[in-house]
Amino acid sequence: MRGPAGFFLCSLLLLSIHCAEAADPEPDPKTPCANWMGGAPGYPGHNGVPGRDGKDGRDGLKGEKGEEGMQGPKGDQGEIGIPGHEGPRGFPGQPGQKGQKGEGSFVHRSAFSVGLTERAPQPNVPIRFSKIFYNEQNHYDASTGKFVCSIPGTYYFAYHLTVYLSDVKVSLYKKDKAVVFTYDQFQKNNVDQASGSVLLHLSSGDEVWLQVYGDGGNNGVYADNINDSTFMGFLLYPDLDVY
């Protein structure tokens, strides 16, 4: 070949041989002989897929105790638990102070107990027992010898009389009517006793008393400083329809 084409081809061959002899094992990409010319920087690649979780490491050493924190707010009250077993019995305590006197279970009270102070009371009139043993409610009238009912209900009455010098005939009256009779025949050189008792229902205002009946020869009711003749009565229970 001759002419310009042959000359150009020879130039390329010479240049190729020169570049091959001068090339390093790892040619610089910026040299004119590295693939003829240096390329532009490429774009960053995409993020890879996350790797698998590694194995749990070993527990480290126990750390030091931290400072105590602030006390939190009080929580709600919990449910009441099951009662526990009964504990051992304790020793007796010291006696307490004496309390004030209370009222009894029975609000309504009526009672009296009286004795005779004079000998041979008058017959056919109420015997006036003027020795007062008990008359707190003042339902017995010592001036008349009569008990006057203030609380309707059932009452118990009793009398125990000393008999001396003559026979005794006595009766217990309710509202001008004798309901109980007692007779004792006196024995000479002796002191006798005559007694009687009865349950009566009384209304408010009813009167009860004891008196000698008959003539004056049956008036041996007696009392002195060592012998008593007594009369008594008290309320058992009031009427429920009234109280």
Side-chain angles (χ1 to χ4, degrees), residues 1-113 134-139 149-156 199 201 204 234-243:
M1 270 189 229
R2 295 185 181 273
F7 178 77
F8 181 71
L9 179 60
C10 290
S11 297
L12 289 177
L13 289 174
L14 291 174
L15 180 62
S16 173
I17 294 170
H18 180 265
C19 289
E21 291 177 354
D24 295 329
E26 294 182 1
D28 187 359
K30 297 180 180 180
T31 61
C33 294
N35 295 328
W36 299 100
M37 59 182 302
Y43 293 101
H46 299 288
N47 294 331
V49 179
R52 293 181 297 176
D53 294 339
K55 296 181 180 180
D56 293 338
R58 296 180 180 180
D59 294 338
L61 298 176
K62 185 177 180 180
E64 297 180 357
K65 184 177 180 180
E67 297 181 357
E68 184 177 357
M70 297 179 60
Q71 183 176 359
K74 184 177 180 181
D76 297 332
Q77 183 175 359
E79 298 181 357
I80 299 176
I82 301 175
H85 297 290
E86 183 177 358
R89 186 173 183 179
F91 295 102
Q94 297 293 331
Q97 296 181 353
K98 184 177 181 180
Q100 298 180 354
K101 183 177 180 181
E103 296 184 358
S105 58
F106 298 97
V107 178
H108 307 289
R109 300 182 181 89
S110 180
F112 72 97
S113 179
Y134 180 87
N135 190 29
E136 186 173 337
Q137 294 81 33
N138 292 317
H139 293 167
C149 175
S150 297
I151 304 173
T154 302
Y155 287 78
Y156 173 79
L199 285 174
H201 180 270
S204 182
F234 56 85
L235 173 67
L236 285 178
Y237 47 86
D239 289 344
L240 296 179
D241 57 345
V242 178
Y243 297 98

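None of these values were measured; they are calculated from a predicted model.
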Distance only, no hydrogens: is a donor on one side chain within 3.5 Å (strictly under) of an acceptor on the other, for S110 and H139?
yes
Mind checking the CD1-NE2 spacing from I82 to H85? Nearest 0.5 Å is all I need.
10.0 Å
Would you indicate whether the side-chain heavy atoms of R109 and I151 approach each other to under 4.5 Å?
no
Sequence-distant partners of S113, side chain to side chain contact (heavy atoms under 4.5 Å, CB included), two or more places apart
F133, Y134, M232
Which pair of heavy atoms, one from S204 and one from S150, lies closest together, and at what distance?
OG-O, 4.2 Å
State the CZ-CD distance between F112 and E136, to the nearest 0.5 angstrom.
15.0 Å
Quick one: pull up CG in L199 and OH in Y156 and give me the separation to the nearest 0.5 Å.
7.5 Å
If you round to the nearest 0.5 Å, how far is NE2 of H108 from CG of D239?
10.5 Å
Using side-chain heavy atoms (C-beta onward) and a distance below 4.5 Å, is L235 in contact with Y237?
no
